[in-house]
A.B. asks: 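Can you keep this structure in mind? I'll have questions shortly.
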Amino acid sequence: MQNLLHNLNPEQLAAVTLPAQSALILAGAGSGKTRVLTTRIAWLIQTGQVSPNGVLAVTFTNKSAKEMLTRLSAMLPINTRGMWIGTFHGLCNRLLRAHHRDAGLPQTFQILDSGDQLAFIKRLLKANTIDDEKYPAKTLMYFINSAKEQGLRAAQVDAYDDFNRKMVALYDLYDLQCQREGVVDFAELLLRTYELLSRNQPLREHYQARFKHILVDEFQDTNDLQYKWLKLMAGTQGAVFAVGDDDQSIYAFRGANVGNMSAFEKEFRVENLIKLEQNYRSHGHILDTANALIEHNSKRLGKNLRTDAGHGELVRVFEASSDIQEAQWITEEAKNLIRDGFERSQIAILYRSNAQSRVIEHALFSANVPYRVYGGQRYFDRAEVKHAIAYLQLMDNPHNDSAFLRVVNFPTRGIGARSIEQLQDAAKQYNISLYAAVPYVAGKAGSSLGNFVKLIEGARFETQNLPLPEMVQVVLDLSTLITHYQSEKEGADRIENLEQLVNAATLFVSEEGFGHDAPALAGPASRPANTLIANDQGIEIIDADAALPTVMSPLSAFLSHASLEAGDNQAQVGQDALQLMTVHAAKGLEFDAVFIGGLEEGLFPHENSSQEESGVEEERRLMYVAITRARQRLYMTFSQTRMLHGQTRYNMRSRFFDEMPEESLKWLSPKIQATWFARPKSAWDEAPESGANAIAQQISKHQTSTGWRIGENVAHAKFGEGVIVNIEGSGSNARAHINFGKFGMKLLDLSIAKLEKC
DNA sequence: TACGTGCTTGTTTTT
DNA sequence: CAAGCACGTA
């Protein structure tokens, strides 16, 4: 124990050793949050306050769940495999598999990822001949997901107008169809579990009694349903140890509710609110900058990071004339850093939106600087992999219409749109799945469809006693997917990805503890004995014991894994290359040197978020996250012109610059560069792109006729500082489109409006 | 059924 | 600008 607790600072120690009551830990960026969480679990177990299976630890990402397990096994000599540490979704999946009958689901229910869900909804709309102009699939998907995330079924949603009534009706239809096919979406995993435990008292009490200690990571990111879920799990006796940082809540746009933190404080009668404010990551000026910025948010629980690391270097600010120049400057500066001994993988370039990466990539590529872009396509999202998965899905649950439609004619086997239509009619008539409707289709179409069914049945029969990896191999062969891609000119990568699936299955089997002798399609009878709990009503409860093999077959488990963990999208982690990613993707990471690009009004803060104050506050938190990624050096850049959606935009520098302490910033370029375009052409040496020159020439034409020029900074009595974006007309009729940042775009008459140059 | 063309539409994203 | 998609033609 001495070992466990040593090296903790007083606040961390206090948090780790809190009594068994609910507690809220406000953990600032870089304050050792994960360490506190894992040490707390280890301490509870080591001091005998709880057994490993009495702990429930919830995270948002598979990555942090894995991280927690790794750290924990390093601290304690226990087998962590059986422990209930995982994502909300992963844990719910496990519960629903074990209690599928009580939850009203088939044992082999399958999980729709967001892509599947969208396709599913499109299909639903088409089948019901709904005008998708009026009711777009994406809107409906958002509607359904946010309803579920609030814990609401269609019948409970308040529909106040015709549009909403229609959405509610479609939501209801959607749920029915999911049920028919035996599929659940992400939100459904949580809602189903929540409903199961709400209605099933013995089950609820069983788990409440089991989980004495519930620990939640990134609590600020919980949505309403997750909060209710936690409340239900905890019951009256469970102690919830919630760790979070309200200043790093950046997912409100997808339903996260920071308000859960203060709600938690009240509803769980938190007596212990501990703030971890000692930062072990960033140097002083960086931290001061972050602190000053976040001070501008009104709704905060209040917290200020401090460091012992000393002031360190000033935060460098650079104003570029164009996005291209910005990228080139970042590239040059990164090269200097590497020359000075920074590791490439310790340098990050962060941006608000993915579209910004292109220009930067171009500059890096031209300069031969290796880089890695995070957030690309994930392994299980690739079309060829999805196809292979669909075959496996059909073998495990043939009623999954999405899987059926994906591969019924892929590779092509003469089943065209007409045959599918016939099949869909039959399925609709008898209210059954497409697969089950095959026998009802007559003629040639019927026989090709019948052959497809035989293919699936054959694959199922042939693989029923095989271990998972061999099963995957057989499916790849029988489906002729590989043969198909062999005849395609650019199929080599795809074939490699498909062959990779066998490896993925092998890895999965060994990691999740499915022995090689485990039956491929384990039915209830063939499963190892589970903990049986008798209750008053005489209902038998099979405890969803932590190890996956006890609650589902290797195939079902592997398919869940494919949906819940789409795989790495951060190809070759740790490779010696610059790290490019969005600020969102950077959350939780840290680097020696960080560049934050595109700090302009409209981009960061993003224009779509600037309408409401709460939107700007979230952007500010996002900026706070970005700043606090840096250990010793931080750069912030912005540009006077930027190419977006094929047209040049003139943005003002971000308001965030006015919210950061002047004394911590070092402007590498003049703060207000009065007239970069008025300079003689020779000044353009640094901007070799001829496009920029063309823009400058175009701009200067206007100057003579109106006395104002595009791109000029102006000040207005009411709207403050702005940038002239366009000028129309000439002489006394001239009017200008001016971007006033937070006041938006205005069209002003140049002879009337009192504008000042600035 | 495969491919080409023209049109729309652009934040952030884990599970 | 450029990617993704719906639609039309060979």
Side-chain angles (χ1 to χ4, degrees), chain A residues 58-65 86-93 111-119 122 126 132-133 136-138 142 145 148-149 184-191 217-218 221-223 225-226 249-256 323-324 350-359 362 374-378 380-381 383 409-419 487-489 560-567 569-570 581-588 598 602-611 615 618-619 621-623 625-626 642-649 691:
Chain A
V58 204
T59 64
F60 277 85
T61 65
N62 294 300
K63 204 171 140 203
S64 35
T87 62
F88 276 103
H89 301 269
L91 296 170
C92 285
N93 180 41
I111 302 163
L112 299 178
D113 66 29
S114 10
D116 298 334
Q117 191 189 15
L118 187 63
K122 282 183 179 163
K126 204 168 255 172
D132 61 351
E133 297 270 278
K138 280 209 175 112
Y142 179 79
N145 289 340
K148 288 191 181 184
E149 278 158 14
V184 300
D185 58 53
F186 286 137
E188 182 73 22
L189 284 170
L190 274 117
L191 183 52
D217 191 18
E218 306 276 16
D221 286 339
T222 50
N223 63 34
L225 179 56
Q226 286 158 339
S249 156
I250 54 173
Y251 286 111
F253 74 92
R254 65 172 198 222
D323 49 348
I324 293 163
L350 310 182
Y351 34 80
R352 173 67 240 263
S353 66
N354 285 306
Q356 288 167 255
S357 79
R358 257 198 52 244
V359 193
H362 181 77
Y374 281 61
Q377 208 189 19
R378 304 163 130 235
F380 285 107
D381 269 342
N409 197 34
F410 192 94
T412 49
R413 45 178 76 87
I415 299 172
R418 236 185 330 271
S419 312
S487 61
E488 213 172 62
K489 39 189 186 297
S560 304
H561 167 82
S563 311
L564 291 176
E565 195 168 349
N569 60 3
Q570 39 193 61
M581 67 193 86
T582 63
V583 181
H584 282 92
K587 189 172 153 201
L603 197 61
F604 203 175
H606 198 277
E607 53 198 346
N608 298 3
S609 313
S610 301
Q611 313 315 117
E618 177 144 321
E619 295 288 304
R621 291 191 294 268
L622 195 53
M623 184 62 192
V625 168
R642 183 173 298 277
M643 199 65 159
L644 196 67
H645 305 332
Q647 55 180 345
T648 313
R649 309 208 334 177

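Labels below follow one simple rule: chain letters A, B, ... track the order of the sequence lines, proteins then strands, and each chain is numbered from 1.
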A.B. asks: With side chains defined as the heavy atoms from C-beta onward, is the minimum distance between A:Asn223 and A:Leu190 less than 4.5 Å?
C.D. replies: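 When only atoms from C-beta onward are counted, A:Leu190 and A:Asn223 do not touch, as no gap falls below 4.5 Å.
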A.B. asks: Taking the same atom, P, in B:dT13 and in C:dG4, what whole-Å distance lies between them?
C.D. replies: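 Result for the P pair: 15 Å, nearest Å.
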A.B. asks: On DNA chain C, which is the earliest and which the latest nucleotide, 5' to 3', with an atom closer than 4.0 Å to a heavy atom of chain A?
C.D. replies: C:dC1 to C:dA2
A.B. asks: Strictly below 4.0 Å, N to O, side chains only: are A:Asp113 and A:Arg378 in salt-bridge contact?
C.D. replies: no
A.B. asks: Just how far, in rounded Å, is P of B:dT13 from CD of A:Glu565?
C.D. replies: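 Atom-to-atom, A:Glu565 to B:dT13, this comes out as 18 Å.
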A.B. asks: How far apart are the closest heavy atoms of A:Arg642 and A:Gly598, and which atoms are they?
C.D. replies: NH2-CA, 3.3 Å
A.B. asks: Please measure how far the C1' atom in C:dA6 lies from the corresponding atom in B:dT11, and state the result in whole Å.
C.D. replies: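 The answer is 25 Å between these two C1' atoms.
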A.B. asks: For A:Gly416 and for A:Ser563, locate the closest nucleotide of DNA chain B by heavy-atom distance; then report the residue assigned to the nucleotide nearer the 5' terminus.
C.D. replies: A:Gly416
A.B. asks: For a quick test of reading the model: is some side-chain N or O of A:Asn409 closer than 4.0 Å to OP1 or OP2 of B:dT1?
C.D. replies: yes
A.B. asks: Rounded to the nearest Å, what distance is computed from the CZ atom of residue A:Phe380 to the P atom of nucleotide B:dT15?
C.D. replies: 13 Å
A.B. asks: Give the rounded distance in Å between these two atoms: OH of A:Tyr142 and C1' of B:dT13.
C.D. replies: 13 Å
A.B. asks: Does the protein touch nucleotides 2-12 of chain B at the base, only the backbone, or not at all? Give it as B, S and - per nucleotide, heavy atoms under 4.0 Å.
C.D. replies: S-------BBB
A.B. asks: What is the separation between atom CD on A:Gln226 and atom C1' on B:dT15, rounded to the nearest whole Å?
C.D. replies: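 Taking atom C1' of B:dT15 as the reference, CD of A:Gln226 is at 9 Å.
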A.B. asks: Rounded to the Å, how far apart are A:Lys148 NZ and B:dT15 P?
C.D. replies: 19 Å
A.B. asks: Separation of A:Asp217 atom CG from B:dT14 atom P, in whole Å?
C.D. replies: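 Taking CG of A:Asp217 and P of B:dT14, I get 16 Å after rounding.
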A.B. asks: Expressed in whole Å, how much space separates the C1' atoms belonging to B:dT12 and C:dC5?
C.D. replies: 23 Å
A.B. asks: Categorize A:Asn62 for me: base, sugar-phosphate, or nothing, with a 4.0 angstrom heavy-atom threshold over every strand shown.
C.D. replies: sugar-phosphate
A.B. asks: Compare all side-chain heavy atoms of A:Arg649 with those of A:Met643 and state whether any distance is below 4.5 angstrom.
C.D. replies: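 Answer no - side chains too far apart.
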A.B. asks: What is the separation between atom CG on A:Leu350 and atom P on B:dT13, rounded to the nearest whole Å?
C.D. replies: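 For the pair A:Leu350 CG and B:dT13 P, the rounded distance is 12 Å.
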A.B. asks: Regarding A:Glu149 and A:Arg254, does a basic nitrogen lie under 4.0 Å from an acidic carboxylate oxygen?
C.D. replies: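 Judged by the 4.0 Å cut-off on N to carboxylate O distance, A:Glu149 and A:Arg254 do not form a salt bridge.
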A.B. asks: Is it the case that the ring center of A:Phe253 lies less than 6.0 angstrom away from the ring center of A:His606?
C.D. replies: no
A.B. asks: State whether the number of non-hydrogen atoms from other residues, nucleotides or ligands found under 6.0 Å of A:Tyr142 atom OH is greater than 12.
C.D. replies: no
A.B. asks: Is the ring pair A:Phe186/A:His89 parallel, tilted or perpendicular, if the boundaries are 30 and 60 degrees?
C.D. replies: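 Perpendicular, since the angle between the ring planes exceeds 60°.
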A.B. asks: In terms of the nearest nucleotide of DNA chain B, which residue is placed more toward the 5' end: A:Thr61 or A:Gly414?
C.D. replies: A:Gly414
A.B. asks: For A:Phe60 and A:Thr87, which heavy atoms make the closest approach, and how far apart are they?
C.D. replies: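 Smallest interatomic distance, heavy atoms only, reads O-CG2, 3.8 Å.
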A.B. asks: Do the side-chain N or O atoms of A:Arg378 get closer than 4.0 angstrom to the phosphate oxygens (OP1, OP2) of B:dT15?
C.D. replies: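 Yes, because at least one side-chain N or O of A:Arg378 sits under 4.0 Å from OP1 or OP2 of B:dT15.
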A.B. asks: Compare every heavy atom of A:Leu564 with every heavy atom of A:Asn62, then report the nearest pair and how far apart it is.
C.D. replies: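 Where A:Asn62 meets A:Leu564 most closely, the heavy atoms are ND2-O, 3.2 Å.
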